[in-house]
Each structure stands twice: as structure tokens, then as C-alpha cells.
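Atom set for the values below is all heavy atoms of this structure, side chains included, hydrogens, waters and symmetry mates excluded.
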Amino acid sequence: VQLQASGGGLVQAGGSLRLSCAASGLTFSRSAMGWFRQAPGKEREFVAGIGRSGISTSYADSVKGRFTISRDNAKNTVYLQMNSLKPEDTAVYYCAADLTPILTSIRFSYDYWGQGTQVTVSS
């Protein structure tokens with residue numbers, strides 16, 4: 001299984017970025033997907049999750065109204081649209097796949113992880 005995250009970069013506060021995560025080696029349409037992030041010296045935290053069909057979504061309170069998770073099962077890809085970015089959003093962002101069809105924010109429920117992509121928001 002491979003999860004390839006991309007789209008990170010340096011952006012000014014108030015700007016936007018769109019992260020992508022291309023999956024291979026798993027039945028993507030049967031997997032819940034999530035985005036997590038980890039800032040230096042902090043625990044990895046849940047950002048957003050999406051169910052198999054894309055109908056169910058879940059967000060951390062800190063990103064609600066600013067971030068949108070979506071998926072394209074035909075392309076085996078999950079996205080994270082990040083708007084109104086803040087310096088506190090700076091972190092390495094990871095995508096993850098949960099082979100159980102249950103949308104969850106619990107990190108240890110996810111079976112596979114991508115390599116991470118750096119997002120840096122300057123003030």
C-alpha cells in the first residue's frame with residue numbers, strides 16, 4: 001500500500017493550499033480516509049476524515065469552516081482544501097487510510113500512512 005501526499009508549501013496567512021493524496025495497493029473505495037498533522041514538539045492530531053462514499057465527513061474544531069476534505073474514488077485520491085490558513089496550521093500533513101468502513105478521528109484506527117507533506121504558513 002502506498003499513500004503519496006503532495007501539495008504542501010509555503011503560504012502567507014490568509015492564503016490557501018490544496019493537498020492531494022494518491023492511494024495505491026488497496027481498495028480505495030472501501031477505505032475511510034483521513035488527514036492528520038504534526039507540528040514540531042507536538043502529537044500528531046486529527047484534521048479531517050471522510051467516509052468511503054464521500055458523504056460523511058468529520059473535522060477538528062480548529063479547522064471547521066476553513067478546511068474541506070473530499071475524495072475521488074475513480075482516481076483513488078483524497079484532497080484537503082485549506083483556506084484562510086493561519087500560522088498555527090504549520091505542520092507536516094499526513095494522509096491515512098482506515099480499512100474499516102468507519103469514519104474516525106482516532107489515530108490508531110488508521111492502518112496505512114503517507115510520507116507527509118510540509119505546510120508552512122507565515123504571518
Side-chain angles (χ1 to χ4, degrees):
V1 174
Q2 286 193 331
L3 301 176
Q4 184 69 41
S6 61
L10 173 64
V11 64
Q12 289 188 332
S16 298
L17 283 174
R18 188 194 196 203
L19 305 183
S20 299
C21 176
S24 61
L26 77 167
T27 306
F28 183 77
S29 61
R30 295 182 182 177
S31 302
M33 299 297 295
W35 286 97
F36 290 74
R37 67 186 180 187
Q38 188 167 17
K42 294 189 176 181
E43 293 286 322
R44 190 171 299 188
E45 65 175 2
F46 174 77
V47 175
I50 189 165
R52 294 178 296 172
S53 66
I55 295 174
S56 299
T57 58
S58 178
Y59 296 92
D61 288 343
S62 58
V63 307
K64 279 180 182 177
R66 300 188 298 122
F67 291 10
T68 302
I69 188 171
S70 61
R71 66 190 294 162
D72 186 337
N73 286 348
K75 295 183 178 179
N76 286 4
T77 301
V78 61
Y79 305 96
L80 186 68
Q81 177 66 43
M82 305 186 295
N83 299 329
S84 302
L85 282 161
K86 305 175 181 180
E88 51 263 44
D89 295 318
T90 295
V92 177
Y93 283 70
Y94 299 88
C95 61
D98 185 351
L99 301 184
T100 61
I102 300 173
L103 178 57
T104 178
S105 62
I106 301 173
R107 182 178 62 174
F108 300 106
S109 294
Y110 287 80
D111 302 284
Y112 298 103
W113 293 83
Q115 85 288 359
T117 184
Q118 177 70 47
V119 171
T120 303
V121 184
S122 63
S123 57

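- Once rounded to the nearest 0.5 Å, the distance linking CD of Q12 with OG1 of T120 reads 13.0 Å.
- With rounding to the nearest 0.5 angstrom, the OG1 atom of T68 is 11.0 Å from the CE atom of M82.
- Annotation: cation-pi geometry satisfied between R44 and Y94 (NZ/CZ under 6.0 angstrom from ring centroid, within 45° of ring axis).
- Put simply, the side chain of Q38 never gets that close to the backbone of A91: no donor and acceptor are under 3.5 Å apart.
- R37 contributes no side-chain N or O that, together with a main-chain N or O of V119, makes up a donor-acceptor pair within less than 3.5 Å.
- Grouping the Ile, Leu, Val, Met, Phe, Trp and Tyr side chains by contacts below 4.5 angstrom, directly or via other members, places L99 with I50.
- Of the inter-residue distances, the one linking S29 atom OG with D72 atom CG reads 11.5 Å to the nearest 0.5 angstrom.
- Of the possible donor and acceptor atoms, none in the side chain of D98 sits under 3.5 Å from a partner among the backbone N and O of S105.
- No side-chain donor-acceptor contact under 3.5 Å links S6 and Q4.
- Taking all atoms of both residues into account, the shortest heavy-atom contact from T77 to S20 is CG2-CB, 4.3 Å.
- Here S123 contributes atom OG and E88 contributes atom CD; the two are 10.0 Å apart, rounded to the nearest 0.5 Å.
- Under the 3.5 Å distance criterion, the side-chain polar atoms of T90 are matched with a main-chain donor or acceptor of V121.
- One hydrophobic cluster holds both I69 and Y112 under the rule that ILVMFWY side chains link at heavy-atom gaps under 4.5 Å.
- Contact check for W113 versus V1: no side-chain heavy atoms found under the 4.5 Å cut-off.
- No donor-acceptor distance shorter than 3.5 angstrom exists from the side chain of R71 to the backbone of A32, with no hydrogens or angles considered.
- When all heavy atoms of A23 and L3 are compared, the pair lying nearest together is CB-CD2, 3.4 Å.
- Here the CZ atom belonging to R66 is positioned 10.5 Å from the OG atom belonging to S16, to the nearest 0.5 angstrom.
- A distance-only check finds a donor-acceptor pair linking the side chain of S31 to the backbone of T27 [under 3.5 Å].
- Q115 and A5 make their closest contact through NE2-O, 2.9 Å (heavy atoms, listed as atom of the first residue, atom of the second, distance).
- Clustering ILVMFWY residues whenever any of their side-chain heavy atoms sit less than 4.5 angstrom apart, transitively, puts F36 in a cluster other than the one holding L19.
- Screening W35, Y59, Y110 against F46 for a side-chain contact (heavy atoms from CB on, under 4.5 Å) leaves a single residue, Y110.
- Cluster membership check: V63 shares its hydrophobic cluster with Y93, using side-chain heavy-atom separations under 4.5 Å among Ile, Leu, Val, Met, Phe, Trp and Tyr.
- Residues V92 and G116 come closest through the heavy atom pair CG1-CA, 3.8 Å.
- Closest heavy-atom contact between S84 and D89: O-OD2, 4.4 Å.
- When atom types are taken as modelled, the side chain of R30 and the backbone of L26 share no donor-acceptor pair closer than 3.5 angstrom.
- Here the straight-line distance linking atom CG of N73 with atom OG of S53 works out to 8.0 Å at 0.5 Å rounding.
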Working for salt bridge (charged side-chain N to carboxylate O under 4.0 Å, His left out), residues K64 and D61: CA-CA 5 Å; K64 279 180 182 177; D61 288 343; 3.2 Å; yes
